[in-house]
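Quick notes on the structure that follows.
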Protein chains: 2
Amino acid sequence: MKSESAAGAKLPTREILQHWREAVPGDRLAHLVKDATRALVRALQMRLVAHGVPFGHWAFLRILWERDGLTQRELSGRAGVMEPTTFSALKAMEGIGYVKRRRLPENRKNIYVFLTAKGRALKEKLVPLAEDVNRVAVAGLADEDISRTREVLLAIIDNLARDEERSADGARRVPSTRELARLVAAGTKARRSRA
Amino acid sequence: MKSESAAGAKLPTREILQHWREAVPGDRLAHLVKDATRALVRALQMRLVAHGVPFGHWAFLRILWERDGLTQRELSGRAGVMEPTTFSALKAMEGIGYVKRRRLPENRKNIYVFLTAKGRALKEKLVPLAEDVNRVAVAGLADEDISRTREVLLAIIDNLARDEERSADGARRVPSTRELARLVAAGTKARRSRA
DNA sequence: CGGTGTAAGTTAGACCTCTAAGGTTATCAA
DNA sequence: TTGATAACCTTAGAGGTCTAACTTACACCG
């Protein structure tokens with residue numbers, strides 16, 4: 001309440017406006033996408049803390065609720081993050097008691113990840129939170145605009161992935177958008193080509 | 001080259017596809033936005049390393065090229081990040097020699113940030129990189145779809161900002177999407193209301 | 001003049017992510 | 001069987017971001 005009236009005293013708003021209108025048009029879209037990500041992440045994060053679930057665990061829980069017994073590598077692929085990220089998240093999740101990491105005799109190289117009852121039980125509580133965020137986020141928007149947006153974002157990811165692949169040929173720089181590449185490309189195109 | 005044929009041996013692609021098509025529809029959009037951000041960031045980052053510029057400095061340089069002599073707080077607002085982030089980035093940038101941080105007699109509470117010649121000179125080299133990323137990213141997309149996407153993203157940010165503001169009244173949780181809130185709202189609405 | 005409060009900057013500590021490099025297990029061919 | 005190669009996991013270290021708490025400077029009022 002007080003932050004409302006007290007804080008807004010300066011309103012350099014006009015300058016900000018100018019910034020948004022005049023700035024190098026080239027990367028406005030990138031900024032927008034980035035800001036949207038932050039807003040979405042924060043919204044979910046805020047809701048998650050109430051249940052004591054770190055945001056970083058969300059992505060993995062979501063995947064595991066659908067199907068567990070995956071390896072860490074598969075989890076990485078689906079979550080779209082690198083393996084060390086997956087590793088430390090899962091290690092922490094095991095510590096909390098959401099999952100169990102096990103080797104199976106069939107292939108002792110892999111680590112298979114299984115939900116515990118506790119981890120599985122979170123689904124009921126947490127999924128509605130994500131749905132809530134989504135509902136709030138797209139309130140008042142036309143379905144068609146949203147799906148158009150989805151197409152645009154997919155195309156952007158695809159474009160950038162191809163580009164990275166192309167330039168990686170000559171000089172391998174900061175590898176790995178390709179990971180996303182494969183993921184997304186699969187989600188869109190694979191649908192209508194051969195499977 | 002080898003990664004192409006050798007790595008894709010397993011192609012759990014079909015599973016991935018399923019994931020993207022069937023998953024809780026609630027947060028697919030959020031994931032997409034997040035993935036797009038990552039792809040965009042990576043693309044710029046890859047180009048930036050060639051010039052020895054850390055990605056974290058880009059946002060500040062971009063703002064300063066337009067106008068320098070801003071305070072750290074103003075910079076934070078425009079970049080859409082919290083002050084400690086700004087602080088450490090600028091401290092590093094000063095170390096490298098891109099900027100000077102100065103107190104002015106008029107108000108010794110503030111730290112004003114000015115570009116050095118070196119920092120200013122980067123503009124010519126770096127701006128084209130960002131433009132390149134943008135060009136690649138939106139290749140083949142209709143202008144209208146892009147601008148529609150922009151509207152959608154702005155609306156999402158705005159929606160989430162309002163929501164955060166609303167829930168912060170009762171229980172202050174993880175404050176601060178509001179920062180974005182103000183920024184973006186200014187960029188869109190302020191245009192057609194009073195300034 | 002001194003005190004209270006607010007604004008800006010800073011420090012501390014945590015989380016998530018990444019790249020690079022090391023270790024272990026599997027696979028396959030000589 | 002053994003040695004090379006690959007797949008997966010793990011460790012190490014860094015970057016960027018955030019919140020919370022502290023410090024310094026200003027502003028205003030009594």
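These numbers were taken from a predicted model, which means no experiment stands behind them.
- At least one side-chain nitrogen or oxygen of A:Thr85 sits closer than 4.0 Å to the OP1 or OP2 atom of C:dC18.
- The residue B:Arg73 sits close to a base: some heavy atom pair falls under 4.0 Å.
- Listed candidates were D:dT17, D:dT10, C:dA26. Nearest to the side chain of A:Ile111 is D:dT10.
- Ion pairing between B:Glu66 and B:Arg62 fails under the 4.0 Å rule for side-chain N and carboxylate O.
- In this structure, the CG atom of B:Asn107 is 13 Å from the C1' atom of C:dT6, given to the nearest Å.
- The side chain of A:Pro84 sits closest to C:dT19 out of C:dT11, C:dT19, C:dT25.
- Going from atom CZ of B:Arg102 over to atom CD of B:Glu94 covers 10.5 Å, rounded to the nearest 0.5 Å.
- The distance from atom CZ of A:Phe87 to atom P of D:dT10 is 4 Å, rounded to the nearest whole Å.
- Contact annotation: B:Arg102 side-chain N/O to C:dG9 OP1/OP2 distance is not under 4.0 Å.
- Looking at which nucleotide of DNA chain C each of A:Glu83 and B:Asn110 is closest to, the 5′-most match is held by B:Asn110.
- Per the geometry, CG belonging to B:Leu48 stands 18 Å off P belonging to C:dC18, to the nearest Å.
- Going from atom CG of B:Leu90 over to atom P of D:dT17 covers 12 Å, rounded to whole Å.
- Comment: A:Asp132 engages A:Arg135 in a salt bridge, judged by a side-chain N to carboxylate O separation of less than 4.0 angstrom.
- Atom C1' of nucleotide D:dT10 and atom NZ of A:Lys91 are separated by 9 Å, given to the nearest angstrom.
- Summarising the geometry, the separation between CD on B:Gln45 and P on C:dT19 is reported as 8 Å, rounded to the nearest angstrom.
- The side chain of A:Ser88 lies closest to C:dT17, out of D:dC9, C:dT17, D:dG16.
- Between A:Asp163 and B:Arg47, at least one side-chain nitrogen of the basic residue sits less than 4.0 Å from a carboxylate oxygen of the acidic one, meeting the salt-bridge criterion.
- With hydrogens and angles ignored, the 3.5 Å screen pairs no side-chain donor or acceptor of B:Arg108 with any backbone N or O of B:Arg103.
- Comparing A:Phe60 and A:Leu104 against DNA chain C, the residue whose closest nucleotide sits nearer the 5' end is A:Phe60.
- Side-chain proximity of B:Lys109 to the nucleotides D:dC26, C:dC18, D:dT19 is greatest for D:dC26.
- For B:Arg103, no side-chain nitrogen or oxygen approaches OP1 or OP2 of D:dC26 to under 4.0 Å.
- Taking only side-chain atoms of A:Met82, from C-beta outward, the nucleotide of C:dT10, D:dC26, C:dC18 with the closest atom is C:dC18.
- Nucleotide C:dT11 holds its P atom 10 Å from the CD atom of B:Gln72, rounded to whole Å.
- Counting heavy atoms from C-beta on, the side chains of A:Tyr98 and A:Val53 come closer than 4.5 Å.
- Out of C:dT17, C:dT19, D:dA20, the shortest distance to the side chain of B:Lys34 is found at C:dT17.
- For A:Arg42 and D:dT19, the shortest distance from a side-chain N or O to OP1 or OP2 is below 4.0 Å.
- Straight-line distance from the CD atom of A:Glu106 to the C1' atom of C:dT27: 15 Å, rounded to whole Å.
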